[in-house]
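Just follow the structure's listing: the first ligand is 1, and inside any ligand the first atom is 1.
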Amino acid sequence: MDESNPAKYGGTPVREEVLGYGSQSITEHEKEAVVEALDGDYITRGPTVEAFEQRVADFVGVKHAIATTSGTTALHLTGRAAGFSTGDEVITTPLTFASTAHAATYCGATPVFADIDPYRRTLDPDTVREQITDETEGLIPMHYAGHPADIQGLMEIADEHDLTVIWDACHGFGGTWDGESLGSNRDMAIFSFHPVKNITTGEGGMVVTDDDELAQRLRRLRSFDMDYEPDGHKSEPWYQVTEGVGYNYNVTDMQAALGLAQLDRIEELKNRRDEIIARYNEAFADIAGLRTPPTPENADPMYHLYAVEVREEFGCDREAFVNAMHEENIGVQVHYVPLHYHPFFQEEFGYEKGMFPETERVYDGLVSLPLHPEMSDDDVQDVIKAVQQLRTYHA
Ligand SMILES: Cc1ncc(COP(=O)(O)O)c(C=O)c1O
């Protein structure tokens, strides 16, 4: 048995403990902040949530931030606030998480997929143009892995056709494009604070916008679509009425306390991600058949994922690559099975495999390698070693 072989082919795993592809990073100070919030007057949405919203708004450089329970519920609120409804078409990428498209489907609108630019792995403005009809009302680009979509190209289309744009920036919190934060473009952007994302609140999300009316609508929908001070009832302080179908997407002060403390560390968290990415880029530059992530142009992304593409020259396919890494005790993941492969989108909207060739070609090789601030230098080296061993074996 050759010990230098990958574990899948008879060697010893590069590590004994499983390394996750993503993980939260929580300090003692952050834990204390959560406990302190529990002693406050509010343990539901209270002043700490308001402070967190203000900090995020200032950080992103927008007027309003509305905290919600997840990226998914943030997307739901944006679809409702945009007024999407039955008969409307909303263009988005098939290379994303299902919730992106659900900003349309939750509201009865139709998600219309357009193919990606395979370099950025984000919506290609040329394919978006091909999908525009009289029914098109919105556009939901996603900043895949944290790399900015073609913001300029997509904004031009939105301007020409008067579309509402919702940026799914779940992967990109903390990054900038053209000197401005991802999420600061019109009309709305959303973030997720799930544990593997760039900062976390356990579960959580945020909508950001510069538009006063949208902000008001978003806040109302988040909390039952309730008018707490309806006209003509000044002397009846209990008189609070629902004006539509709203939700309870309120987050708690404990979550916000964690979010605020995480924001204090955003630079440190970004720097560690950048260091790991630099080491990967250097180590993988000469590996045949391994496409590394796109190089940022006019941008300083805070990458959520380090997604490579395993191509034929590597010597094995993506499935073999993923299973080989798992046998090395290295967690890898695939982001994402394209949405037009999912039974829901096929059965509901008639999508099928073969419709989006660039997405499919990219997907066939995609693998996200571990990337999170808690990774030690040895962890990073284990990932590099496992990839190098696998390539050597297949060369
Ligand atoms: C691109 C994208 N959009 C939306 C979501 C949904 O976010 P959440 O898990 O916070 O609901 C995710 C999270 O996985 C995501 O990656």
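Using a 4.0 Å cut-off between charged side-chain N and carboxylate O, Arg55 and Asp264 make a salt bridge. A salt bridge links Glu268 with Arg265: at least one charged nitrogen is closer than 4.0 Å to a carboxylate oxygen. Using a 4.0 Å cut-off between a side-chain N of Lys or Arg and a carboxylate O of Asp or Glu, Lys385 and Asp382 do not qualify as a salt bridge. Salt bridge Arg272/Glu374: absent, no basic N to carboxylate O contact under 4.0 Å.
In terms of N/O distances under 3.5 Å, ligand 1 is not approached by Ile190. Of the N or O atoms in Lys197, one or more lie within a sub-3.5 Å distance of an N or O in ligand 1. Checked by distance only, ligand 1 and Ser99 stay at 3.5 Å or farther apart across all their nitrogen or oxygen atoms. Residue Thr72 has at least one nitrogen or oxygen atom sitting less than 3.5 Å from a nitrogen or oxygen atom of ligand 1, judged on distance alone.
Here the protein heavy atom with the shortest distance to atom 9 (O) of ligand 1 is Ser192 OG, 4.1 Å. The shortest contact between atom 16 (O) of ligand 1 and any protein heavy atom is with Tyr336 OH, 2.8 Å. Scanning the protein for heavy atoms near atom 3 (N) of ligand 1, the closest one is Asp168 OD2, 2.7 Å.
Contact annotation for Phe191 and ligand 1: no heavy atom of the residue comes within less than 4.0 Å of the ligand. When non-hydrogen atoms are compared, ligand 1 lies under 4.0 Å from the side chain of His171 (C-beta onward) but not from its backbone. At a heavy-atom distance under 4.0 Å, atoms from both the backbone and the side chain of Ser70 approach ligand 1.
Below 4.0 Å from some heavy atom of Thr100 lie the following atoms of ligand 1, by number and element: 3 (N). Per-residue contacts place Thr96 under 4.0 angstrom from the following atoms of ligand 1 (heavy atoms of the residue considered): 1 (C). Of all atoms in ligand 1, listed by their number and element, those nearer than 4.0 Å to a heavy atom of Gly71 are 7 (O), 8 (P), 10 (O), 11 (O). Every atom of ligand 1 with a heavy atom of Met142 under 4.0 Å away is listed here by number and element: 1 (C).
The backbone N or O of Ala104 sits nowhere less than 3.5 Å from a side-chain atom of His76 that would complete a donor-acceptor pair.
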